[in-house]
Amino acid sequence: MLIASWNVNSIRSRLSQITSWIKHTKPDVLCLQETKVVDKDFPLIPFENLGYTVIMNGQKSYNGVAIISKADCTDIKYGFKGELKISDIVNEFDEQKRIISALINGIRIINIYVPNGSSLNSEKFEYKINWLNKLNEYLIQQEKRGEHTCLLGDFNIAPSNNDIYDPNRFVECIMASKIERETLKRILKNRFIDSFRVFEEFSGHWSWWDYRNNSFMLDRGWRIDLIYVSNNLLPRLKSSVIERDQRGNDQPSDHVPVMINIDYDEVFNEFDDEDEDIFEI
DNA sequence: ATGGCAGAAGCATTCTGA
C-alpha cells in the first residue's frame, strides 16, 4: 500500500503534474497540502476518472488539505474539531484549513499542513507553536483508539540538522529552531517514527527547495515533508522515498512528493486478529 | 537588513509562503 504526501502549492496550477504523477506511480493514498481552493471549486473529476475518491478541507487562497484515495475513506475528521471538544479556541484554529483525517484500509491517515511561522519573533511563530500544541491534544485523543496511524504532511520543521543543506546558515532560524524541534518531539512522544530515517541515516535528501536563488539547481534544500508511522505500523513499513524528480518539472511546486510502502495484507490480517481477541473477552 | 520566486485575488498591487 503506497501512501504519499505532497505540498502542491495550488492544486489548480499543478493539476496536470499531479494526475501524471498518479498515473505513473499509482499511489493508494495521496495527501495534499496547500490546495488553495474552496471545496466547491476543487477539481474532482480528473481524480475520479482515475478511479480515486477525494475528501477535502479547503480554503480560499491559502492552506487547504485533501486526501485522494483508491479505497473508501471512513470516519472522516475535519480540523481539530474532529477529535477535540468544540470550543472558541478550537473554532479559531479551525478557521485555517490545515488538517484532515480518515480511516483507509484500516489505517488512520492524518494529513497536516503545519503553519510556517515566518520568523521566531513574529506572532505567526507563536501561532505555529500553539497550533502544534493543539495537534498534541488532538493526537492524545486519537491515540486512545489504538489505531495503526500514519501522520504525514508538510511539517515546516527540519527535524535535525541532517535535514538542511547548510545547517550552520540556519542556526535558530525558522523551521530549524530548538523550540520547534522540541515541540515536535513532544508531540511524537515515543509513539511515532520518521519513516525516512528508518532507511537513510545521512544528510543530502530534501523534499523542498526555495523557488528563489536558484536553490534547486544548487541543491540547496530542506527535508520538511515527513511521514511518521506509529510503532504498531513499523513492522509493516517496507520503504520510504522522496520523489525528487518532480522538482524538475516545468512550473513545479517548491515541494516534491514523499511516499512510503506499507505491507497492507499483514495490517489487514492483524486487524482481523484483534477483532477476534475482543470477541473472546 | 532586504529581496530573491510563485500563486491568489483581481486588475495594480498586496499578501502569503518558507
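So you know, we letter chains A, B, ... as the sequences are listed, proteins then strands, and number each from 1.
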Please check if the distance between the ring centroids of [X] and [Y] is under 6.0 Å.
| X | Y | answer |
| --- | --- | --- |
| Tyr138(A) | Phe93(A) | no |
| Trp222(A) | Phe170(A) | yes |
| Phe155(A) | Tyr113(A) | no |

Looking for any heavy atom pair under 4.0 Å, which part of the strands does [X] touch: base, sugar-phosphate only, or nothing?
| X | answer |
| --- | --- |
| Tyr113(A) | sugar-phosphate |
| Asn63(A) | nothing |
| Lys128(A) | nothing |
| Asp41(A) | nothing |
| Trp222(A) | nothing |

Checklist outcome for this item: Considering only heavy side-chain atoms of Gln251(A), the closest of dA8(B), dA18(B), dG7(B) is dG7(B)

Checklist entry - Of all the nucleotides listed (dG17(B), dA9(B), dG7(B)), which has the minimum atom distance to the side chain of Ser10(A)? => result dG7(B)

Checklist outcome for this item: By nearest-heavy-atom nucleotide on DNA chain B, the more 5' of Lys60(A) and Ile174(A) is Lys60(A)

Whole-Å distance between [N] [atom2] and [X] [atom1]?
| X | N | atom1 | atom2 | value |
| --- | --- | --- | --- | --- |
| Glu95(A) | dT16(B) | CD | P | 15 Å |
| His255(A) | dC5(B) | NE2 | P | 18 Å |
| Gln59(A) | dA9(B) | CD | P | 11 Å |
| Tyr62(A) | dA18(B) | OH | P | 12 Å |
| Ile11(A) | dA6(B) | CD1 | P | 20 Å |
| Asn213(A) | dA6(B) | CG | C1' | 13 Å |
| Asn9(A) | dA9(B) | CG | P | 13 Å |
| Asp254(A) | dG4(B) | CG | P | 17 Å |

Checklist entry - Any chance the side chains of Trp21(A) and Glu243(A) put a donor and an acceptor closer than 3.5 Å? => result yes

Is the phosphate of [N] approached by [X] (side-chain N or O, under 4.0 Å from OP1 or OP2)?
| X | N | result |
| --- | --- | --- |
| Asn156(A) | dA18(B) | yes |
| Ser253(A) | dA6(B) | no |
| Lys36(A) | dA9(B) | no |
| Asn214(A) | dC5(B) | no |
| Arg14(A) | dG7(B) | yes |
| Ser13(A) | dA8(B) | yes |

Using atom [atom1] in both nucleotides, what's the gap between [N] and [M] to the nearest angstrom?
| N | M | atom1 | value |
| --- | --- | --- | --- |
| dT14(B) | dA1(B) | P | 23 Å |
| dG7(B) | dC11(B) | C1' | 15 Å |
| dA9(B) | dG3(B) | P | 24 Å |
| dA8(B) | dA12(B) | C1' | 14 Å |

Checklist entry - Would you say the base of dA18(B) and the side-chain of Arg212(A) have a donor-acceptor pair closer than 3.5 Å? => result yes

Next on the checklist: Tell me if the CG atom of Asp88(A) is crowded by more than 12 foreign heavy atoms within 6.0 Å.
Outcome noted: no

Checklist entry - What's the shortest heavy-atom distance between Glu172(A) and Lys178(A), and which atoms? => result OE2-N, 3.0 Å

Checklist outcome for this item: Between Trp206(A) and Asn162(A) the two heavy atoms that sit nearest each other are CZ3-O, 3.7 Å

